[in-house]
Amino acid sequence: MEFATRTIHAGQPSEPGTGSLVAPIFQTSTFEQDAPGVHQGFDYSRTNNPTRARLETVLADLEGVAHAAVFASGLAAENAVLQAFLKPGDEVVIPPDVYGGTYRLLTRVFQPIGCTVRQVDVGNPEALRAALSQRTRLVWIESPTNPRLLVYDIAAICAAAHAAGALVVVDNTFATPVFQQPFAIGADIVVHSVTKYLSGHSDLIQGAVLARDPAVFEPIKFLQNATGAVPSPFDCWLTLRGLKTLELRVLRHAENAAAIADALAGHPLVRRVYYPGLATHPGHAVARRQMTGFGGMVSFELDGTVDDAIAFVSSRRFFALGESLGGVKSLVCHPAKMTHASIPAPERAAFGLSDTLVRLSPGCEHRNDLVADLIEGLDRVGQRLTVAAGGRTV
Ligand SMILES: Cc1ncc(COP(=O)(O)O)c(C=O)c1O
């Protein structure tokens with residue numbers, strides 16, 4: 001079955017009994033039992049719920065494995081993985097470019113209980129090898145990364161990590177299973193902020209963990225129930241609805257992102273564009289090899305001041321200023337003051353996350369409107385700079 005067909009048919013038969021084409025929302029906390037402990041596979045909705053189980057089946061199918069657990073947020077999903085595999089004294093290796101919330105979780109929750117977080121350029125094989133030790137339990141990567149859209153060679157990182165006895169976790173939020181299948185190239189665990197492209201409409205918060213090996217999955221499944229950060233049946237149903245158009249939406253997002261990257265790349269007020277689809281992107285060749293599309297996100301550095309960047313992101317017509325990404329409605333964000341503010345300024349500067357970096361999440365609007373809106377914003381920045389220079393063109 002092709003991917004788009006699976007988003008609609010995998011694990012989603014019409015409802016037996018009524019023939020309802022769309023699965024009902026099992027909005028219940030508990031289930032009546034025939035005798036104590038005798039039930040139809042569901043006893044309490046924190047432990048399991050038919051709507052959530054259906055979503056887990058679909059997500060597992062789309063990532064090409066047998067096991068998925070859905071959580072109340074992407075960070076709850078990440079927390080379950082970290083709790084399952086890290087104990088005091090253990091080490092985790094991460095790249096410099098990692099979602100700010102992941103960094104905060106590692107450095108403010110797991111580091112204080114005695115875990116060591118090694119932040120190295122995992123794209124440099126020597127640096128990665130040097131960072132790995134007998135204590136390394138996890139190598140945690142995103143690709144493409146948030147917010148600079150760096151691309152890491154997942155297969156190479158998995159080979160190095162596995163040789164050192166560590167598991168590799170890939171945050172596949174940006175690429176989505178439409179464009180990237182991490183398990184096929186060696187990943188042990190995939191995590192998602194389902195909040196983004198998978199649900200796709202900016203109307204819920206949700207996360208997921210997927211694993212191929214039942215022994216790797218078992219402690220995560222245990223923690224889903226034991227710590228209880230589960231999503232509501234209604235939110236699971238919304239994601240099931242969103243997933244049916246995942247491929248359609250993501251192809252459109254990517255088409256819009258490519259048009260925007262091209263338009264920005266030639267603009268005099270744009271210092272640098274980060275988009276894996278550009279031949280000038282340092283990860284372009286790897287992206288071509290390990291992805292079937294370049295994703296829907298574009299970031300760029302404005303050639304201006306922080307105030308120019310703030311004015312730009314605050315006054316777009318079609319790009320709402322907001323955290324998050326991956327919805328049908330376009331979003332823009334200023335990572336240094338928003339998504340990545342939890343990373344201290346010197347550390348942001350050290351790994352090149354500048355204060356004029358702008359991150360765009362093009363939605364499913366028409367690309368002409370989106371490009372026009374951005375060019376209009378850049379023209380305004382140009383006018384501001386001209387005024388600031390006393391009328392001289394800068
Ligand atoms: C790449 C990535 N991973 C994980 C998360 C966390 O997900 P959530 O916000 O659903 O908790 C985010 C949120 O922005 C993200 O961008």
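Counting convention: from 1, in listed order, for ligands and their atoms alike. All values derive from a computational prediction rather than experimental measurement. No hydrogens, no waters, no symmetry mates; every other heavy atom, side chains included, goes into these values.
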task = Nearest 0.5 Å please: distance from the OH atom of Y275 over to the NE2 atom of H281.
result = 10.0 Å
query = Is the shortest distance from a heavy atom of Q206 to ligand 1 less than 4.0 Å?
reply = yes
query = With only distance considered, is T102 within less than 3.5 Å of ligand 1 through an N or O on each side?
reply = no
request  = Hey, could you give me the CG/CZ distance between L55 and R241, rounded to the nearest 0.5 Å?
outcome  = 15.0 Å
request  = Let me see the working for F300 and F312 under ring pair (Phe, Tyr, Trp, His ring centres under 6.0 Å), right down to the final yes or no.
outcome  = CA-CA 12 Å; F300 70 97; F312 177 89; 5.7 Å; yes
note = shortest atom 6 (C) of ligand 1-to-protein heavy-atom contact is with Y99 CE2, 3.5 Å
ask   = Short N/O distance, under 3.5 Å, between L75 and ligand 1?
value = yes
ask   = Closest non-hydrogen protein atom to atom 7 (O) of ligand 1, residue and atom name please, with distance?
value = S193 OG, 3.0 Å
ask   = Are R6 and E247 close enough for a salt bridge, meaning some N to O gap below 4.0 Å?
value = no
query = Which heavy atom of the protein is the closest neighbour of atom 10 (O) of ligand 1, given with residue, atom name and distance?
reply = T195 OG1, 2.6 Å
key: Euclidean distance, L240 CG relative to R52 CZ, rounded to 0.5 Å   = 12.5 Å
ask   = Just which atoms of ligand 1 are under 4.0 Å from any heavy atom in N146?
value = 16 (O)
inquiry  = Between D369 and R317 (salt bridge meaning N to carboxylate O under 4.0 Å), is one present in this structure?
reply    = no
request  = Note the single closest protein heavy atom to atom 4 (C) of ligand 1, along with its residue, its atom name and the distance in Å.
outcome  = E78 OE2, 3.2 Å
message = Evaluate G74 for polar contact with ligand 1, using N/O atom pairs at a separation under 3.5 Å.
response = yes
request  = Would you kindly specify which portion of D171 sits under 4.0 Å from ligand 1, judged on non-hydrogen atoms: side chain, backbone, both or neither?
outcome  = side chain
request  = With rounding to the nearest 0.5 Å, note down the distance linking OG in S299 to OH in Y274.
outcome  = 8.5 Å
key: Side-chain H-bond candidate by donor/acceptor type, S330 with E365, under 3.5 Å   = yes
ask   = Where is the nearest protein heavy atom to atom 13 (C) of ligand 1: which residue, which atom, and how far?
value = K196 NZ, 2.5 Å
